[in-house]
Amino acid sequence: LQQCLHSLLEQPGLNISMVTVYMDGYDLETHTVASLYGVRTIFFNKTKSRSKMKLVYRHADEITMHYARSLPLIFNLHPAVEEAVIIEEDHVVSPDFLSFFSQLIPTLRKDSSLFSVSAFNHNGYAHSAQDSSAVYRTEFFPGRAWVLRRQLWNELRSTFPVCCGGWSWDLWMRQDKQRKDRETLIPDIPRVKHIGRIGMQVNGQYWQKYFKESILNKHSFSSLQAVNKLTANEYEEHLNRILRVGEVIDTTKQVVCGA
């Protein structure tokens, strides 16, 4: 949490009164860290799954229940806001984290074919992500650090999973029934990095394999390219233009050299 808040509070123009840490059960250390940064904390009675399923599913229950209790409070606490940025506490954000979202939220507002904007890219590694200005549309909702619109929450809140069915909230969000063919905007280079090696659903081996080598944008400001081409029809046309002029590579004719 300390690293998460430190990276967040370095954001230019951040209004600290709009930041809240939601705790599943009161924890003095967590409360103290948040207080040191001047951040509001709200805690609930500790969630305990009543399920008889495996531990991993009970943990999924508890995390999902925490989201189910936290998300409605966000919009109740700030009745004038239409969007909220949700960040998991075991993540740090890039210097242009808020700038990234501010450039894309206008598109999210006007394009009904969009589900959310996420700062994470599961393919955001040094060998596969090099362009800090590039943004993509994807059918996969990454979560991690993402925008929730009030309009979307009003749509989902009545069916949001509650204890104790073993649901992971993010897997539920990715279902067709919730997503309804809507897509999420993601960066080429991630604006958030998972640093929690051990957690309720992450162990050191899993973190080492999937998150250790993911990269984080280092620029304090990145002007995103072709933001006006991210709406559904324009994005498809943009991709088609790229494909039409692209070079076709026949891998069957490539010579493979062994060492």
Side-chain angles (χ1 to χ4, degrees), residues 1-49 58-102 105 116-120 142-150 153 157 160 162-163 168-170 173 190-204 207 211 214 216-218 220:
L1 177 63
Q2 186 273 331
Q3 293 182 66
C4 177
L5 289 177
H6 187 81
S7 65
L8 186 61
L9 267 64
E10 289 185 328
Q11 300 296 310
L14 178 74
N15 182 350
I16 193 68
S17 69
M18 302 296 285
V19 180
T20 304
V21 173
Y22 294 87
M23 294 187 288
D24 183 23
Y26 180 77
D27 180 78
L28 177 59
E29 185 176 5
T30 300
H31 177 76
T32 301
V33 169
S35 297
L36 287 172
Y37 284 94
V39 173
R40 176 196 298 111
T41 58
I42 294 176
F43 72 94
F44 310 99
N45 292 332
K46 180 68 177 175
T47 304
K48 191 68 177 177
S49 175
R58 297 202 301 271
H59 282 170
D61 272 337
E62 292 167 6
I63 294 170
T64 298
M65 277 299 297
H66 183 58
Y67 271 83
R69 293 192 292 184
S70 301
L71 296 181
L73 283 184
I74 294 172
F75 294 112
N76 291 341
L77 193 62
H78 303 285
V81 305
E82 293 300 321
E83 294 88 17
V85 177
I86 316 297
I87 311 171
E88 299 180 23
E89 92 288 349
D90 51 357
H91 291 65
V92 293
V93 303
S94 67
D96 67 338
F97 179 74
L98 290 185
S99 169
F100 169 79
F101 282 124
S102 69
I105 284 177
S116 181
V117 179
S118 173
F120 191 68
R144 304 291 169 189
W146 54 285
V147 174
L148 174 64
R149 295 201 69 201
R150 181 188 293 272
W153 175 243
R157 63 185 305 166
F160 199 86
V162 294
C163 194
S168 288
W169 69 273
D170 50 347
M173 293 275 284
R191 268 48 176 201
V192 65
K193 182 176 175 65
H194 191 304
I195 60 171
R197 298 188 181 202
I198 302 295
M200 292 179 73
Q201 291 187 307
V202 175
N203 58 38
W207 180 86
F211 297 112
S214 66
L216 185 68
N217 190 47
K218 299 299 183 184
S220 58

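Computed from a predicted model, the values in this text were never measured in an experiment.
When all heavy atoms of Leu77 and Thr20 are compared, the closest pair comes out as CD2-OG1, 3.7 Å. A pairwise comparison of heavy atoms in Ala34 and Leu5 identifies CA-CD1, 3.9 Å as the closest pair. Nearest heavy-atom pair across Ile74 and Ala84 is CG2-CB, 3.5 Å. Across all their heavy atoms, Arg191 and Phe97 have their closest contact at O-CD1, 3.5 Å. Of all the heavy atoms in Phe101 and Ala119, the pair that sits closest is CZ-CB, 3.8 Å. Closest of all the heavy-atom pairs between Glu88 and Cys4 is O-SG, 4.1 Å.
Remark: Arg69 pairs with Asp24, Phe44, Thr47 by the side chain to side chain contact (heavy atoms under 4.5 Å, CB included) rule, at least two apart or across chains. Ser214 is linked by a side chain to side chain donor-acceptor pair (under 3.5 Å) to Lys193, counting only residues two or more places apart in sequence or in another chain. Under the side chain to side chain contact (heavy atoms under 4.5 Å, CB included) criterion, Glu89 pairs with Leu1, sequence neighbours left out.
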Legend entry - Test log, rule side-chain contact (heavy atoms from CB on, under 4.5 Å), inputs Leu71 and Ile86: CA-CA 9 Å; Leu71 296 181; Ile86 316 297; 3.9 Å; yes
Inset, instruction - Take Asp170 and Tyr67 through the side-chain contact (heavy atoms from CB on, under 4.5 Å) test and state the conclusion after the steps. - result: CA-CA 10 Å; Asp170 50 347; Tyr67 271 83; over 6 Å; no
Inset, instruction - Give the C-alpha distance, both sets of side-chain angles, the deciding distance and a yes or no for side-chain contact (heavy atoms from CB on, under 4.5 Å) between Glu83 and Val117. - result: CA-CA 11 Å; Glu83 294 88 17; Val117 179; over 6 Å; no
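Ring pair Tyr26/His31: centre-to-centre distance below 6.0 Å. Between Trp153 and Phe160, the ring centre distance stays below 6.0 Å.
Counting heavy atoms from C-beta on, the side chains of Arg157 and Phe75 never come closer than 4.5 Å. The shortest side-chain heavy-atom distance between Leu14 and Leu8 falls under the 4.5 Å cut-off. Counting heavy atoms from C-beta outward, Met23 and Ile42 have side chains that stay 4.5 Å or more apart. Side-chain contact between Val19 and Arg40: absent, with no pair of heavy atoms (C-beta onward) separated by less than 4.5 Å.
Side-chain atoms of Gln11 come within 3.5 Å of backbone atoms of Ser94 as a donor-acceptor pair (strictly under, hydrogens ignored). Ser116 places a side-chain N or O within donor-acceptor distance of the main-chain N or O of Val147, the cut-off being under 3.5 Å. In this structure, the side chain of His91 does not engage the main chain of Val93 through any donor-acceptor pair within 3.5 Å. A distance-only check finds no donor-acceptor pair linking the side chain of Trp169 to the backbone of His66 [under 3.5 Å]. The backbone N or O of Phe120 lies less than 3.5 Å from a partner atom in the side chain of Ser118, making a donor-acceptor pair.
Note that the CH2 atom of Trp207 and the CD1 atom of Ile195 stand 9.0 Å from one another [nearest 0.5 Å]. The distance from the NE2 atom of His6 to the OH atom of Tyr37 is 5.5 Å, given to the nearest 0.5 Å. We find the CD1-CD distance between Ile105 and Glu82 to be 11.0 Å, quoted to the nearest 0.5 Å.
Remark: Asn45 CG is loosely packed, at most 12 non-hydrogen atoms of other residues, nucleotides or ligands lying under 6.0 Å away.
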